[in-house]
Amino acid sequence: SMNKLAVKRLQLENLIRHGLKEDFFTVYYQPKMDILSGQLVGMEALVRFITPKRGLISPASFIPVSEETGQIVEIGEVVLRKACLDVKRWIDQGLFHGRVAVNLSVRQFMLPYLCEQIDDVLQQTELPSYHLELEITEGTVMQSPKMAIDTMKKLRARGIHLAMDDFGTGYSSLKYLKELPIDAIKIDRSFVKDIGIDPDDETIIEAILSMAGSLGMSCVAEGV
């Protein structure tokens, strides 16, 4: 059983490597809507791995493996570049005026040259930094809070928006939350899906909304 799992993992690792070489990674977009106005205000970039022989490979399969091997860094750069290119084209065509949110993995966020890499992508795609939002999970920030704050301040200084992903599910510290230079909090779908069913979840959401408002942050509800 262990041998089968090891072989399967190695095959997936090789497939990811081949996919990066042959450009099998593509980006889909999930809209962000303003509930009151009904307007499209942004979108989130979602990576998809589509191969000629096996079709769509589930993110639940390839993302954990790519994080272990470090391939997530290259995948992340591909997603960032493609998202910026797409949004720049849509802005030029007058189709879109908001921000595109791109996830940063733990390994990406820890790169010593992260800010320079993002500078290069924005410069090459000619996308104004205002149109880019980077999503960082609680767990990523809490691994090294002081380093995270320093990196986030550098990104924020470039005009890039920052959002905390999956809020309420990690080991966050309210002490650090007030120090983090973030613009938005994403309320995890585990709280959102039971609205109207579980009054405790509604109480938690109301508390998050109130706290975010007091700190000058906006909120995004996942999984509506």
Side-chain angles (χ1 to χ4, degrees), residues 30-35 41-47 63 67 72-73 75-77 79-80 83-84 87 98-122 127-192 201-224:
Q30 184 173 24
K32 289 184 181 179
M33 311 298 294
D34 183 296
I35 297 298
V41 294
M43 60 180 78
E44 181 178 351
L46 305 173
V47 62
I63 286 182
E67 285 177 340
I72 192 70
V73 172
I75 293 172
E77 186 180 358
V79 173
L80 177 65
C84 289
V87 171
R99 295 186 182 87
V100 61
V102 178
N103 284 285
L104 283 183
S105 68
V106 176
R107 282 181 179 261
Q108 276 180 286
F109 190 70
M110 296 298 180
L111 290 174
Y113 54 85
L114 173 67
C115 294
E116 289 73 20
Q117 183 185 73
I118 292 171
D119 286 341
D120 288 343
V121 171
L122 290 174
L127 180 73
S129 59
Y130 168 83
H131 292 288
L132 177 63
E133 181 175 83
L134 297 174
E135 294 186 357
I136 302 155
T137 64
E138 282 185 279
T140 299
V141 171
M142 296 315 298
Q143 284 198 13
S144 181
K146 290 184 178 179
M147 193 270 311
I149 291 170
D150 183 53
T151 300
M152 292 169 81
K153 283 181 178 177
K154 289 177 182 177
L155 293 169
R156 187 91 176 279
R158 288 161 163 77
I160 297 168
H161 267 230
L162 301 173
M164 180 169 283
D165 200 7
D166 301 334
F167 184 78
T169 62
Y171 300 97
S172 64
S173 166
L174 294 179
K175 172 184 179 294
Y176 284 113
L177 182 61
K178 69 177 183 179
E179 297 178 22
L180 293 172
I182 58 178
D183 302 283
I185 290 174
K186 293 185 70 183
I187 304 172
D188 190 74
R189 70 178 67 242
S190 60
F191 299 120
V192 176
D201 279 352
E202 294 182 22
T203 301
I204 291 171
I205 289 173
E206 287 175 4
I208 293 173
L209 288 171
S210 176
M211 179 183 65
S214 299
L215 294 171
M217 302 172 188
S218 61
C219 276
V220 178
E222 290 184 348
V224 175

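- The side-chain hydrogen bond (donor to acceptor under 3.5 Å, both in side chains) pairs that include a residue from residues 152-162 are Arg99-His161, Asp119-Arg158, Arg156-Asp183, where partners are two or more places apart or lie in different chains.
- Interatomic distance, Ile72 CD1 to Arg107 CZ, rounded to the nearest 0.5 Å: 9.5 Å.
- Looking at every heavy atom in both residues, Arg189 comes nearest to Gly223 through NH1-CA, 3.3 Å.
- Considering all non-hydrogen atoms of both residues, Ile160 and Leu132 come closest at CG2-O, 3.5 Å.
- For Thr140 (side chain) and Ile136 (main-chain N/O), no donor-acceptor pair under 3.5 Å exists by modelled atom type.
- Taking both residues in full, the closest heavy atoms of Ser190 and Asp201 are given as O-OD2, 3.7 Å, listed atom of the first, atom of the second, then distance.
- To the nearest 0.5 Å, atoms OH (Tyr113) and CD1 (Ile118) are separated by 11.5 Å.
- Looking at Met164 and Val141, their side chains come closer than 4.5 Å, going by heavy atoms from C-beta outward.
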- Message: For Asp188 and Asp165: C-alpha separation, side-chain torsions, deciding distance, then whether side chain to side chain contact (heavy atoms under 4.5 Å, CB included) applies.
- Response: CA-CA 7 Å; Asp188 190 74; Asp165 200 7; over 6 Å; no
- Task: Go through the steps to decide whether Glu44 and Asn103 satisfy the test side-chain hydrogen bond (donor to acceptor under 3.5 Å, both in side chains), and finish with yes or no.
- Result: CA-CA 8 Å; Glu44 181 178 351; Asn103 284 285; 3.2 Å; yes
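- When all heavy atoms are compared, the tightest approach of Val73 to Gln108 is CA-CG, 4.1 Å.
- Residues Cys219 and Ile208 form a side-chain contact, since some pair of their non-hydrogen atoms from C-beta on lies under 4.5 Å apart.
- A salt bridge links Lys186 to Glu135: one of the charged nitrogens lies within less than 4.0 Å of a carboxylate oxygen.
- A heavy-atom distance below 4.5 Å is found between the side chains of Glu77 and Gln117.
- A distance-only check finds a donor-acceptor pair linking the side chain of His131 to the backbone of Gly98 [under 3.5 Å].
- Atom CE of Met147 sits about 4.5 Å away from atom OG1 of Thr151, to the nearest 0.5 Å.
- Salt-bridge annotation for Lys32 and Glu222: absent, with no side-chain N of the basic residue lying under 4.0 Å from a carboxylate O of the acidic one.
- Using a distance-only test at 3.5 Å, with no hydrogens or angles considered, no donor-acceptor pair links the side chain of Ser210 to the main chain of Glu206.
- In this structure, Leu80 and Leu104 have side chains that are not in contact, with every pair of non-hydrogen atoms separated by 4.5 Å or more.
- Residues Val192 and Ile187 form a side-chain contact, since some pair of their non-hydrogen atoms from C-beta on lies under 4.5 Å apart.
- Here the closest heavy-atom approach between residue Pro145 and residue Gln143 is recorded as CD-C, 3.9 Å.
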